[in-house]
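Quick notes on the structure that follows.
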Amino acid sequence: MSTDEKTPPREYRMTELAEAAGITVRTLRYYRERKLIPPPRRAGRIAWYDGRHLARLRTIAALLERGHTLGGIAELIAAFEGGRDVAELLGLGDPFAAPWSRETLVRLSPEELVDHFSGEATAENLAASLDIGYLAVDGEELVHVSRRLLDVSRKLVREGVPLPVMLAAGREIRAHADALAATFASLFRQHVLTDVPPGAAEGEPPSPEDVDRMARTLDRLRPVAHTVVEAEVALAMDRRIRAELRAWLGD
DNA sequence: ATTCTTACA
DNA sequence: TGTAAGGA
């Protein structure tokens, strides 16, 4: 049941945007100076802001509420935008566009998100989801990085798992997944990519050919990693279920 | 007169 | 972060 209010690409003057975001004009200007929000469109004397700016301001407010400093938020934003540029530069593009991947991005209006997680769609949970990287802000919409993760989140919440608890678990799993990815990367780096130069860390800039080969080779990690992790998790869950049952039966 | 920036506290 | 002063 989403109310179809008129949401044409509205634009805001400084004062309007500040009021909509619940901050002062001075603060708005301060955020802009600190590169926390993109520059507005300039029409002569007037600075025009749009929904993306408002969304960004809401994100900043949520992160501030959660205890982040302005400096930390600026780094997050820079890393997010910078990382995207680096990926495109390397020709990797959207990682979920790969043919082997079953991941799809899901665009959601804030209203749809509330529909999915009614009572639990709070500013804190939104900030946490942004922080983990499950959600990203794109203009006036939100983008979930994985249809499968989104579906399973809804299922778990319906099963009674509180969203904050689930997000904390997600954070934990993310850490393990990062460690797994690092293991695979190191494996390839040391034993498969032996003929590739050390890298930009301390040396000559790598040739475009090397960059290309590096990207392709690392890309071959993906199916390998998927298979190994899937099989190992299956085995681990098997062992765990047996152990839980044994403990429950009081063995 | 309005809208925004600069500069100082 | 508020605000007075000044440019366009």
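These values consider heavy atoms only, across backbone and side chains, with no hydrogens, waters or symmetry-generated copies. In the text below, chain A, chain B and the rest are named by the order of the sequence lines, each starting its count at 1.
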**Q.** A:Arg26 or A:Trp48, whichever maps to the more 5' nucleotide of DNA chain B
**A.** A:Trp48
Q. Rounded to the nearest Å, what distance is computed from the CE atom of residue A:Met14 to the P atom of nucleotide B:dT5?
A. 5 Å
Q: Verify side-chain contact (heavy atoms from CB on, under 4.5 Å) between A:Leu108 and A:Leu150, making sure each step is shown before the conclusion.
A: CA-CA 11 Å; A:Leu108 293 163; A:Leu150 177 61; 4.1 Å; yes
Q) Any salt bridge between A:Lys155 and A:Glu159, counting N to O under 4.0 Å? A) no
Q. Going by atom types alone, do A:Thr24 and A:Thr27 pair a side-chain donor with an acceptor below 3.5 Å?
A. yes
Q) Can you find a side chain N or O atom of A:Arg29 that sits less than 4.0 Å from OP1 or OP2 on B:dA7? A) no
Q. Between which nucleotides of DNA chain C, 5' to 3', does chain A make heavy-atom contacts below 4.0 Å?
A. C:dT1 to C:dA8
Q) Rounding to a whole Å, what distance do you find between A:Tyr30:OH and B:dT6:P? A) 16 Å
Q: Side-chain contact test, heavy atoms from C-beta onward, threshold under 4.5 Å: evaluate it for A:Arg58 versus A:Leu54 and give yes or no.
A: yes
Q.
Which helical stems does DNA chain B take part in, if a stem means at least 3 consecutive Watson-Crick or G-U pairs with both distances below 3.5 Å?
A. B:4-9 with C:1-6
Q. Who passes side chain to side chain contact (heavy atoms under 4.5 Å, CB included) against A:Ile132, sequence neighbours left out?
A. A:Tyr134, A:Leu167, A:Arg171, A:Arg174
Q: State, yes or no, whether a side-chain contact exists between A:Tyr49 and A:Met14 at a heavy-atom distance under 4.5 Å.
A: yes
